Structures are given as C-alpha cells and as structure tokens.
Amino acid sequence: MLAACGVQLAPRRADSEANVRMARSAIGAAAAEGARLIVFPEASLTGYVFHDKESARQAALDEGGPELVQVADECRAADAWAVVGAIERVGDLLHNSLFLVGPDGVAGRYRKLHTLCLGVDRFTTRGTEPPPVFDTPLGRIGLNICYDGTFPEMARALKLGGAQLILLPTNWPNLRLKREQVRMRAYENHVNYLAVNRVGVEQGVEFGGCSMAADMSGEMLGELGDGPGFLHVEFDMKAADANRVVEVGGEYEYDYVADRRPDVYGTLTETPPRGEPSGSRRA
C-alpha cells in the first residue's frame, strides 16, 4: 500500500519563496504522519492567476532553479516524494508544469497538454510530449494537470502506459461534476486517482478545494472541504494491475483494458471534428 497525502492550501501569487516554505513545511508534516508521496495543487510554487505574460514570466521558475532544489532537500530529510506545480520558464516560453521530486532531486516533469482561457494558461505553451508514467520506488505514477482530466483519453493513455496511480493537481474555480469525473476516471481505467485542488482567492478568483481520491472501483477513499488541510489516503498499487474484475466467476467477468477495440477507434484521432473548431480563447 502507498500512503499518499494531498495538500490543500492557498499559494501566494508570484511569491515562490513563501510557497517553497509552505511546501517544505507540509512535506515534513505529512511525512511525519506517514505519507510517502505528498501532492500539491497546480502552480503551487508560483500561483496561477496572471493577467499578462510579463508578470507570469517574472513569477516563473527554472527546472534547475533553487526552488526545486529546496523541495528535494526536504524530500531527502523526510524520506518522501513530492509533486509540485509551477509556471516553468524555458527561454522565451512559459509552461504550466508539474515536477516529480524525490530524495535525489527532480525525477520527472510534465508540461500541461490541454490549456484554456483561464489564468496563466492563456500565456503558456502547451506541452508536446505524451502524458508520462514514472516508474518510482513507490509504484508507477502518471501525471495530468487540471483541464487534462476533462479528456478521458488522457487517463486512458496513462493506464495503457502502466500507471497504477494518476495524479491530477488542479486549480478548479468551480466543482461542477468534479466528484463524478474523478470517480469515473478511476473506474473506467481500473486505476487509483488523486485530485488535489487549491483554496483561497487569487486576483478575485475563488478556489473551492474539495480535493478527493478514488480507488479502482470508483469508490471514494476520502475528500476534503473548502479549507486548507491534508488528505491522507492509502492506495493499493498492485491491485491496479489486476485488470480483470470478477463479479461471478466464469459468468460475469470483465476487463476494461483487454476488452477494448482499438481497431474501430480510428475516429478518435483521424477524423476532424464537426462544428466550429474554435478551441479555447487564449491571449
């Protein structure tokens, strides 16, 4: 079993120094309560609601910067792993990124693939690499960010890549159908799922918390309210690999991975969509 903890907090906009302090404190406290994996919301080291690209650039950090070194130092001291989010600066580009950090430093990075017309996403460049699954001492972990979770193809791609646990750090400004979304992504892919939202108000935008976790059957393992807090859950990582579900032996058995029909799914990637191909409005 993997002891994980979602940290629901209110990052400070454009104050990475304060946000790193909060992250380090939370890693130490959660690890002291038994967590081996500590997960923070989207853009937890930088804040998210920026109205122009230059202010977002000033708040951004580099993958090799001191902020992630300090997070790794705390992971080393706590013998734990963490997932933190930030606006990442790469030359002239900005990305909405997640970093998987272990005792030895940054072990993986994911750049948000699906962006929309909210906050810093208006000024970021979408990722180009497939959603990653990281093989760690804790198990195989897949990463998505916020809006990514709306697209069922993302969770399915992670499952097919071997994920036993999918993490969704997010900045949900509303909670419409989010509980149902988390349960279905877990259930339809037979995978553990943890969504970690932020709280507080940033530049007039209110975030409602409600971080939550579900197991492979879609059952809720725990959820938080609308204030700061820790969501401690345990995930059965090995059980996520046992895809065949037996309701009645020999009579009612199914496998949502083996029973797929990819030979008839060509329209998912090959057919242009009907209607106006507008996409989300960006800067």
Side-chain angles (χ1 to χ4, degrees), residues 1-9 11 16-17 19-46 60-90 95-112 127 129-145 148 158-159 161-170 191-196 198 211 213 230-238 240-241:
M1 302 291 285
L2 170 61
C5 178
V7 179
Q8 190 165 279
L9 44 63
S16 60
E17 184 175 331
N19 293 330
V20 168
R21 285 198 302 268
M22 283 193 286
R24 295 191 68 168
S25 176
I27 291 169
E33 295 175 4
R36 295 291 317 286
L37 174 66
I38 299 98
V39 183
F40 293 85
E42 175 185 14
S44 53
L45 295 185
T46 56
L61 54 82
D62 301 316
E63 181 174 335
E67 299 88 354
L68 294 172
V69 172
Q70 292 177 55
V71 172
D73 288 343
E74 194 63 39
C75 288
R76 188 177 308 110
D79 189 26
W81 290 66
V83 173
V84 293
I87 306 168
E88 180 192 8
R89 181 175 48 236
V90 183
H95 295 282
N96 186 338
S97 299
L98 289 179
F99 299 93
L100 174 64
V101 185
D104 296 326
V106 175
R109 183 206 63 232
Y110 168 64
R111 292 171 178 160
K112 191 174 184 179
E129 299 174 356
V133 176
F134 298 101
D135 197 349
T136 78
L138 308 179
R140 298 188 301 277
I141 298 171
L143 300 180
N144 274 183
I145 302 175
D148 288 330
L158 289 171
K159 172 65 179 185
Q164 298 167 314
L165 168 64
I166 295 176
L167 303 178
L168 184 76
T170 182
V191 70
N192 296 295
Y193 204 101
L194 172 61
V196 182
R198 62 160 292 174
S211 299
F230 285 179
L231 175 60
H232 282 282
V233 289
E234 288 194 342
F235 293 113
D236 190 336
M237 302 291 273
K238 291 183 178 180
D241 291 331

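Please read all numbers here as calculations on a predicted model, not as lab measurements. When a residue number appears, it is its place in the shown sequence, counting from 1.
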Looking at every heavy atom in both [X] and [Y], which two are closest together, and how far apart are they?
X	Y	answer
H232	A30	CE1-O, 3.8 Å
C75	I27	SG-CD1, 4.3 Å
V7	A26	CG1-CB, 3.9 Å
V196	G6	CG2-CA, 3.8 Å
D62	R89	OD1-O, 3.2 Å
F134	G108	CE2-CA, 3.5 Å

Looking at E33, I want to see if its CD is surrounded by more than 12 non-hydrogen atoms of other residues, nucleotides or ligands under 6.0 Å. yes
Min side-chain heavy-atom separation [X]-[Y] under 4.5 Å:
X	Y	value
V191	L158	no
L9	N19	no
E17	R21	yes
V71	F40	no
P169	V39	yes

Partner set under salt bridge (charged side-chain N to carboxylate O under 4.0 Å, His left out) for D135, not counting sequence neighbours: none
Residues in salt bridge (charged side-chain N to carboxylate O under 4.0 Å, His left out) contact with D236, at least two apart in sequence or another chain: none
Sole candidate of E88, E42, R111 that passes side-chain hydrogen bond (donor to acceptor under 3.5 Å, both in side chains) when paired with N96: E42
Out of L37, I141, L2, L165, which residue meets the side-chain contact (heavy atoms from CB on, under 4.5 Å) rule with T136? I141
To the closest 0.5 Å, what do you measure between [atom1] ([X]) and [atom2] ([Y])?
X	Y	atom1	atom2	value
I38	F230	CD1	CZ	8.5 Å
I87	L45	CD1	CG	10.5 Å
L138	F235	CG	CZ	12.0 Å
N144	I166	CG	CD1	6.5 Å
E63	H95	CD	NE2	10.5 Å

Any carboxylate oxygen within less than 4.0 angstrom of a Lys/Arg side-chain nitrogen, looking at R76 and D73? yes
Would L167 and Y110 count as a side chain to side chain contact (heavy atoms under 4.5 Å, CB included) here? Give the steps. CA-CA 11 Å; L167 303 178; Y110 168 64; over 6 Å; no
Would you say the side-chain atoms of [X] pair up with the backbone N or O of [Y], donor to acceptor, closer than 3.5 Å?
X	Y	result
R140	G162	yes
E234	M1	no
S44	G85	yes

Please determine whether side chain to side chain contact (heavy atoms under 4.5 Å, CB included) holds for the pair L68 and V84, giving the CA-CA distance in whole Å, both sets of side-chain angles, and the decisive distance to 0.1 Å. CA-CA 9 Å; L68 294 172; V84 293; 3.8 Å; yes
